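Below is one structure, written out as structure tokens; the observations come after it.
These numbers were taken from a predicted model, which means no experiment stands behind them.
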Amino acid sequence: MTEQHAGGQDNYFVPHDSKIPVWIAFGLILFMFGFASFLNASKTGANSNLLLLWIGAGIIGVSLYSWFTNVIRENHAGLANAQLRRSYVWGMGWFIFSEVMFFAAFFGALYYVRNFAVPWLGGEGDKGVSNYLWPGFSPDWASGENPSTYRPGPAETMAAPSSITSWLAYLPFWNTAILLSSSFTIHWAHTGLKSGNRKGLTAWLGVTIALGVIFLFLQAEEYIHAYEQLGLTLGSGIYGSTFYILTGFHGFHVTLGTFMLMMCMVRVLKGHFSPDDHFGFEACSWYWYFVDVVWMGLFLFVYVL
């Protein structure tokens, strides 16, 4: 492989050596260490290393900004030929596929716990063990009570899904409507880009970003309500763990997708993208559709069923 010069069509462009991947890896280590410390502190009351989390996030942010700036500059220089663009398409496709498998593992864990583990603990089936946890344990999802075995005192309650939120009239339902609407607005923005309608592109992309921010705000309100008024925390047994790991990771993906769309808006305002050269925008729209589809599964299996 040889380095392609601007205007060339035959050679595959190979960028120069870069230390950006090393910095991203270092930032991820700090971020995950700080995040794990935060989760442990929320459950045990110990001190958390939030400073490491923010330092890691800062390193990741600066590294990604530098990386994307280089890629955009190379594209504007004419270095991204058809072969390289095909690799972008395949790369984004495999990335989304890996995210599908990521959430499939958590949905599989939810299915296993609800349909196998909890009934077995209640004495059902050929592997059931009657009263394995405590006398009077009910294998319903989720269990009505979770008596504390670590300290004396009143029982810790673990609310059932129907009491966490009113899905027909409250936050999860409205968040579902918001994300479904954002699928249409990002499509209309993409349509405007392909047709050369810059005003339509800017307007509908702005609406999509606003819907993403509103979704995150409502999810934060839901978490505050669950923690402060319902006692549903990460320490609330298996239901609390599966609820927060599924909705929390999805919220993280919505945050990332909203940030990506914001960066697309910056590029749109700077005159980037054209009807025949806009894969950066198209890749973000694919990711946003994926986030919307995952939420539909969450809404159905976590809040409704």
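Atom-to-atom distance recorded for S87:OG and W94:CH2 is 14.5 Å, nearest 0.5 angstrom. Note: I55 CD1 to L30 CG = 7.0 Å, rounded to the nearest 0.5 Å. The CD1 atom of I214 sits 12.0 Å away from atom CD1 of I209, with the distance rounded to the nearest 0.5 Å. For the atom pair OG of S274 and CZ of R198, the computed distance is 8.5 Å after rounding to the nearest 0.5 Å. One finds the CG atom of L64 at 11.0 Å from the CE atom of M263 (value rounded to the nearest 0.5 Å). With rounding to the nearest 0.5 Å, the separation of CG in L298 from CG in L246 is 5.5 Å.
Ring geometry, H250 versus F103: the interplanar angle exceeds 60°, so the pair is classed perpendicular (tilted spans 30 to 60°). Classified by interplanar angle (parallel below 30°, tilted 30° to 60°, perpendicular above 60°), the ring pair F281/F273 is perpendicular. Taking the six-membered ring where the residue is Trp, F184 and W188 present tilted rings, their angle falling between 30° and 60°.
Side chain of T242 to main chain of L110: no donor-acceptor pair is present (N/O by atom type, distance under 3.5 Å, no hydrogens or angles). Of the possible polar contacts, none joining the Q219 side chain to the P172 backbone as a donor-acceptor pair under 3.5 Å is found. Side chain of T69 to main chain of Y65: a donor-acceptor pair is present (N/O by atom type, distance under 3.5 Å, no hydrogens or angles).
Side-chain heavy atoms closer than 4.5 Å link hydrophobic residues (I, L, V, M, F, W, Y) into clusters, and following such links, possibly through other members, connects Y287 to V89. If you chain together hydrophobic residues whose side chains sit under 4.5 Å apart, V293 and F301 never meet in one group. Hydrophobic clustering (side-chain heavy atoms under 4.5 Å, transitive across Ile, Leu, Val, Met, Phe, Trp, Tyr) keeps I72 apart from W67. Residues F217 and F259 share a single hydrophobic cluster, defined by chaining ILVMFWY side chains whose heavy atoms lie under 4.5 Å apart. Cluster membership check: F38 shares its hydrophobic cluster with I245, using side-chain heavy-atom separations under 4.5 Å among Ile, Leu, Val, Met, Phe, Trp and Tyr.
More than 12 heavy atoms of other shown residues, nucleotides or ligands fall within 6.0 angstrom of atom OH in Y289.
The ring of H278 has its center no closer than 6.0 angstrom to the ring center of H272. Between Y111 and F107, the ring center distance fails the sub-6.0 Å criterion.
Looking at L261 and I186, their side chains come closer than 4.5 Å, going by heavy atoms from C-beta outward. Two residues are said to be in side-chain contact when any heavy atoms from C-beta on lie closer than 4.5 Å; R267 and C264 fail this criterion. Counting heavy atoms from C-beta outward, S37 and L52 have side chains that stay 4.5 Å or more apart. Counting heavy atoms from C-beta on, the side chains of T247 and Y303 come closer than 4.5 Å. In this structure, the side chains of L269 and V266 stay at 4.5 Å or more apart for every pair of heavy atoms. Under the 4.5 Å side-chain criterion, counting only non-hydrogen atoms from C-beta, L218 is in contact with I178. The shortest side-chain heavy-atom distance between W204 and H187 does not fall under the 4.5 Å cut-off. The side-chain heavy atoms of D276 and K194, taken from C-beta on, include no pair separated by under 4.5 Å.
Paired with Y244 under the rule ring-ring contact (aromatic ring centres under 6.0 Å, His included), one option of Y223, F252, F249 passes, and it is Y223. A ring-ring contact (aromatic ring centres under 6.0 Å, His included) with W286 holds for exactly one of F95, F279, Y88; it is F279.
Between M92 and A283, the shortest heavy-atom contact is CE-O, 3.3 Å.
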*asked:* Please evaluate residues F26 and K19 with respect to the criterion side chain to side chain contact (heavy atoms under 4.5 Å, CB included), reporting the C-alpha separation (whole Å), side-chain torsions for both, the decisive distance (0.1 Å), and the verdict.
replied: CA-CA 11 Å; F26 178 64; K19 296 182 176 61; over 6 Å; no
_Chi angles and distances behind the side chain to side chain contact (heavy atoms under 4.5 Å, CB included) call for E99, V294_ = CA-CA 10 Å; E99 294 290 275; V294 171; over 6 Å; no
*Under the side chain to side chain contact (heavy atoms under 4.5 Å, CB included) criterion, do L28 and I60 qualify, and how do the steps go?*
CA-CA 7 Å; L28 283 172; I60 295 170; 3.5 Å; yes
*Take T176 and W295, measure what side-chain hydrogen bond (donor to acceptor under 3.5 Å, both in side chains) needs, and give me the verdict at the end.*
CA-CA 7 Å; T176 302; W295 177 257; 2.8 Å; yes
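Under the 3.5 Å distance criterion, with hydrogens and angles disregarded, a donor-acceptor pair is assigned to the side chains of W288 and S182. In the model, N197 has no side-chain atom that pairs as donor or acceptor with a side-chain atom of S195 under 3.5 Å.
D277 and R85 are joined by a salt bridge, as a carboxylate oxygen and a charged side-chain nitrogen come within less than 4.0 angstrom of each other.
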